[in-house]
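A, B, ... follow the sequence lines: proteins, then strands. Residue 1 opens every chain.
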Amino acid sequence: LIIGFEGGPAAAPEQAGLNPGSMFSQGHHQVMIESLYYLNYQDGELIPWLAAGPAEFNEDFTEVIITLRDGITWSDGEPFTAEDVVFTIDMLKANQTLSYANTVVDVTEAVAVDDLTVQITLANPDPRFVVNAFGVRIWGAVKIVPKHIWEGQDPNTFTNFDLEQGWPVWTGPYKLVKASANEFVFDRRDDWWAATTGFQELPEPERVIFVEAGPDERKAAALAANEVDGEPSLRIDTFGDVLTRNPNAMGWTEDGTHAWIDPCPGMLGFNVRRPPWDDKDMRWAINYALPKQQIGDATTNGQGIPSPYNFPLYPALQAWLTENQDLLDQYNPTEYNPDKAREIFESKGYVMGASGFYEKDGAPLQVDVLFKTEEPILPAIIIQAFQDVGIDAAPRALAGASYHDARQTGDFEIETHHVACGSVVEPYDELNLLHSRWITPEGERSSLNHWGWSNAEYDEIVDQMQMLEPGAPEQHELFRRALEIRLEELPIISLTQQQRVVPYSDLYWTNWPTADNDYHHPPNWWMNFMILVNNIEPAS
Amino acid sequence: MNLQYLLRRLGIFVLIIWVASTLNFIIPRLAPGDPIGAILGQMAVQGATVANSAEIIAAFRQRFGLDDPLYIQYFKYLWALMRFDLGYSIAYFPARVTDIVSNSLPYTLGLLTVTTILTFGLGVLAGALLVWRATPRVARAVITFFMILAPIPYFLLAIILVSVLAFSLGIFPMSGVVSVGRMRGQGFDIGYWLDVLYHSMLPALSIILAGVGGWILGMRGMMVTVLGEDYLTLAEAKGLRERRIFFSYAMRNAMLPQFTGLAISLGYVVSGATIVELIFSYPGMGYRLFQAINTNDFPVIQGITFFLVVSIAVAILVIDLIYPLLDPRITYERR
């Protein structure tokens, strides 16, 4: 089984520890590391994996008990126990720069009640603790490490790499046998605990190779020639070309764009600390000025999906919007209406100047729009749309670190982000992006709510939702109120769904997940790929 | 060679490295963007809600000494450089910059040293032949064809080569260093190294084809001026053989400036061929530099440019020292 990985040849292939720059998506967390739970986007279910069943919370969500499966062993034969889980949580709490350490900061105490039972106490009620920390909500999760190996090591500098010695030691069905810049090779371990205990059968592929995928053209060529069985992504038009050469290539849907919907929709946000973007009418004017259909079409061969609200198009999550369709109809955030935009500007005292742009008190209506340099088409469309309604707009494209810096420190007037990751199965996480507790003064770094928008009533609703179980009936009324505030105020504008082809080839391996066979979501650079590896079958 | 000349050259060598290292320290810090921001951005893209970013940033800044005053950072940097301690990569912590460089350097050196010398050899010979009256017509036509390739950027050539030779004809692999899943055997595995060579053919070809034209042009220009010299007429009058006149009289004199060019090109080798490496996913220095700039990974940028500076300075030093051997008109004596 050969799968591509993105991000270029690995700079440090022998870093298999828990630092943010360590190797994870190069196969490590897909086939070698297992999670306690895996969240399934298709039905919203949290699949217990290393855990034996659903976690049990106390009444006010400050204490949770996780029971582990019996018979789990590490790849070196040592038993996997509650002690390992406790050790991992303590280690992450003491070393906040480690991957996913931020998800356990609220843990006040973790105790191994017995070999298979972990009791975790939280400083604040958090009904989402398990899914956020251990559930692979998006991309990854806390990775439980073997205490007998990590104890006594400095986790910040521990590389966890020594193939001769059998390191890295994890619980998964594959072990790492080669790590180089361009490829990582994993061989099946026939003594995998899940097979010996009967929880799962051994996965079919005897060897899984993750190879450096390269730019889109190279991914397409490799897929067309069946040199790989899957790639992390491909542009929609490129995938169309691949299909004409390789009938075995397949995407999530059988027709249309073949794309899967990425959990992070595209959006545009205002720095509401800076006038005139502190005025919600001005924000709505921008919304009317944006041709969302065209923005979506530009990268999808004319099959864009304008998005009324910043939720990805997943069944469980969309249900929350559907039940509030009357609000969406009333506010109609996908309406493209440049005339309305101009009307709003004029009602605010702007007059059309000689240069073709609106002016007020001699000052033109000017704006810089922050983009990522790698964004290919979006800037041209958005800047044109702004200019069409009389805004003197200019793109400000920044690369990599500079872009994140500008965004996080509020150094922008209007910004676009192609990934505004929030909710996937229930609305809380997206709403939390705009809670005022995240706001920092301009110039200081913020982790969420870079836009500086605050609303006391909204905060209160989000606080209440945070304390409630995701499935609680009261959530629906609260969400409706929050949604109405968001639509009224429009601090960020949702643009389009991000359609992303996650291509596979069924020449050698079949039963890849698709919209018709949606046993799981399809990303192969996420930790969830474990589920896929355990479900695919040889073609002949 | 006298001692004074040697000392003066060595002094200039040290000065070059110090000035370049200082610039190397300043320039990345002038760029907007905080390297820690890149890490947080990366964490956010990976889906983690980075709620406690303030503490994370503080921990990272402290680890990399980014909170020290600039002059302290500068002296720490110089002191570390003197001991060839390039520190830790920020983006790939706890990987050391020297590890990252030593992982990439062999690929780059292997690919670019060979291609640079080959390109030089082919280009100089072809350039000389182009204006030599005894050169057959066919040879001239072939050489002229290569000159046409000169203005085509090597990365464009690379894409064309991939498309034709790798994708359509399937003669060469599209990318990578070895075949997928190929493990290195025990001891000296000749098959493995042949596979490495095979994978380097396309990137090498693109660099040679694109580079050779420049050498041809340069050499041709020099040859034209040499051809009118009296010593060639004298050599002919003496009845020397054509081949001897071509190599020892014409080429040897025309080649002198080319050698300086070669030395500088060889110095640049360690910087890699960024775009070719990108196209072929060749994990060399160019690719690393590109990644490091993208993530504002100061230590890695500084490490790679430091290697570059040292190698160019060494190349210039070496050419300064051997030039008098190549050209007797240049002496070590101060006039």
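Counting heavy-atom pairs under 4.5 Å between each of N156(A), I209(A), N132(A), N95(A) and chain B puts N156(A) at the top. With chain B as the partner, the residue from R245(A), M23(A), E444(A) showing the most heavy-atom pairs under 4.5 Å is R245(A). Ranked by heavy-atom pairs under 4.5 Å with chain B, the list G214(A), A12(A), A221(A), A222(A) is led by A221(A).
Only the side chain of N103(B) comes within less than 4.5 Å of a heavy atom in chain A; its backbone stays farther off. Interface residue L278(B): only backbone heavy atoms are found under 4.5 Å from chain A. In this structure, no portion of A406(A) lies under 4.5 Å from any heavy atom of chain B. Heavy atoms of F167(B) lying under 4.5 Å from chain A belong exclusively to its side chain. For R437(A), no part lies near chain B; criterion is any non-hydrogen pair under 4.5 Å. Neither the backbone nor the side chain of S102(B) comes within contact range of chain A, judged by heavy atoms closer than 4.5 Å. No part of I293(B) comes within reach of chain A, as not one of its non-hydrogen atoms sits under 4.5 angstrom from that chain. Using a 4.5 Å cut-off between heavy atoms, E227(A) touches chain B through its side chain atoms alone. There is no contact between A225(A) and chain B, counting heavy-atom distances below 4.5 Å.
Heavy-atom minimum distance, R288(B) versus P9(A): NH1-O, 3.1 Å. Here the closest non-hydrogen pair linking Y287(B) and G8(A) is OH-CA, 3.1 Å. Annotation for K178(A) and V178(B): closest pair NZ-CG2, 3.8 Å, computed over non-hydrogen atoms.
In the displayed structure, E206(A) atom CD is contacted under 6.0 Å by at most 12 heavy atoms of other residues, nucleotides or ligands.
Formation of a donor-acceptor pair under 3.5 Å by the N182(A) side chain with backbone atoms of S281(B) is found in this model. Here the side chain of Q291(B) pairs a donor or acceptor atom with the backbone of G7(A) at under 3.5 angstrom. With R218(A) contributing its side chain and F280(B) its backbone, the two residues share no donor-acceptor pair below 3.5 Å.
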Next item on the list: Begin with the C-alpha distance, continue with both residues' side-chain angles, and end with the deciding distance and a verdict on side chain to side chain contact (heavy atoms under 4.5 Å, CB included) for F93(B) and T157(A).
Entry: CA-CA 8 Å; F93(B) 184 85; T157(A) 51; 4.1 Å; yes

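Note: E217(A) CD to I159(B) CD1 = 7.0 Å, rounded to the nearest 0.5 Å.
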